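I have placed the structure first, in the form of structure tokens, so that the comments after it can refer back to it.
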2 protein chains.
Amino acid sequence: MDRDEIFKALAHPARVNILAWLKEPQAHFPTQEHPFEMGVCAGQFERCGLSQSTVSSHLAILQRAGLVTTKRLGQWVFYKRNEETIAAFLKDIGSL
Amino acid sequence: MDRDEIFKALAHPARVNILAWLKEPQAHFPTQEHPFEMGVCAGQFERCGLSQSTVSSHLAILQRAGLVTTKRLGQWVFYKRNEETIAAFLKDIGSL
DNA sequence: TTTGTATATCGATCATATCCGATACACTTA
DNA sequence: TAAGTGTATCGGATATGATCGATATACAAA
């Protein structure tokens, strides 16, 4: 759990939004055809109005910070919140 | 309370350190000659190894984000944590 | 008013971040 | 194997951030 890296990851609103959307996938990604148990399909995040490559970069930053996990399933990659790291981070900065 | 701006302010370790040091001024700024009730004198923060102008810039970013308050007293400017904003921010991201 | 001290701002430089289109890679399907 | 779909990476353009020395501003004291 690298606090500094997490803060940097959260320094862009798009990435904070992604993290928030992932709390309620069914509410924010109604067009996804795959079951939500696997997570949210990478392509779904283009709804934030950025290009595919830019979205992919934001997702990679979230992953490197440990805030999300990924699982490849066939041609798709699914993203999920990493609740353990998020909880550890929140606990860590509770005494900010 | 601008969450995005606060996240950006916290995206640099020096600024997070400053905020942490301000929790216990007497422990981290033992060389200060002024009473700590006013806050911590700006010049004290050069202990982070950066130049005076750079430190001043970091402090300004923290202030713009609402994380610290300042009070000028004579030729000196004193910095204090803004516990209200910090608490509001922590509450806000508690459901991150 | 002049000098000295503390802090903020300016201007320049360098590093990092953001963003995109193009391309490479992974996998599926025909 | 070849073509199609989804995702990641690359290269480059532009924007933002970090840092410093120099200078300006604010105030105190002589």
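What you see is a predicted model, and the numbers here were worked out from it, not measured in a lab. Every chain is numbered from 1, with letters handed out A, B, ... down the list of sequences.
With sequence neighbours excluded, no residue forms a side chain to side chain donor-acceptor pair (under 3.5 Å) with B:S56.
The two residues B:K80 and B:L22 come nearest to each other via the heavy atoms C-CD1, 4.3 Å.
We find that CD1 of B:I18 is positioned 12 Å from P of D:dA18, with the value rounded to whole Å. In this structure, CD of B:E46 is placed 10 Å from P of D:dC20, rounded to the nearest angstrom. Between A:R64 atom CZ and D:dA8 atom P there is a gap of 11 Å when expressed in whole angstrom units. Look at NE2 on A:H34: it is 13 Å from C1' on D:dT7, rounded to the nearest Å. Atom-to-atom, NZ of A:K71 to C1' of D:dT7 comes out at 18 Å; the value is rounded to the nearest Å.
DNA chain C is contacted by both A:K8 and B:Q44; B:Q44 maps to the nucleotide lying nearer its 5′ end (nearest heavy atom per residue). Place B:H58 and A:V77 on DNA chain D by their nearest nucleotides, and A:V77 ends up nearer the 5' end. A residue-by-residue look at A:S53 and B:T70 shows that B:T70 has its nearest nucleotide of DNA chain C further toward the 5' end.
A donor-acceptor contact shorter than 3.5 Å is absent between the side chain of A:R3 and the backbone of A:E5.
In this structure, CG on B:L19 lies 13.0 Å from OH on B:Y79, to the nearest 0.5 angstrom.
Contact annotation for A:Y79: backbone-only contact, meaning every heavy-atom pair under 4.0 Å involves sugar-phosphate atoms and none involves a base. Contact annotation for A:F78: no contact, since no heavy-atom pair falls under 4.0 Å across all strands. The residue A:L50 sits close only to the backbone: its heavy atoms come under 4.0 Å of sugar-phosphate atoms, none of a base.
Nucleotides of DNA chain C lying under 4.0 Å from heavy atoms of chain B occupy a range whose first and last members, 5' to 3', are C:dG4 to C:dT9.
Considering only side-chain N and O atoms, A:H12 lies nowhere under 4.0 angstrom from the phosphate OP1 or OP2 of D:dT16. Phosphate contact (OP1/OP2 of D:dC20, side-chain N/O of B:T54, threshold under 4.0 Å): present.
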Side-chain donor-acceptor contacts of residues 61-71 of chain A below 3.5 Å, not counting sequence neighbours, with atom names and distances?
from: A:Q63; atom 1: NE2; to: A:T70; atom 2: OG1; distance (Å): 3.4

Which letters describe nucleotides 24-30 of chain D, given B = protein heavy atom under 4.0 Å from base, S = only from sugar-phosphate, - = neither? ---SS--
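Between A:F7 and B:F7, the ring planes are tilted. Angles from 30° to 60° get that label.
Residue pairs meeting the side chain to side chain donor-acceptor pair (under 3.5 Å) criterion with at least one member in residues 23-38 of chain A, sequence neighbours excluded: A:T31-A:Q44. Each side chain to side chain donor-acceptor pair (under 3.5 Å) pair with one or both residues in residues 7-18 of chain A, not counting sequence neighbours, appears once here: A:R15-A:H58.
B:F29 and B:F78 are not part of a single hydrophobic cluster, where members link through side-chain heavy atoms under 4.5 Å apart.
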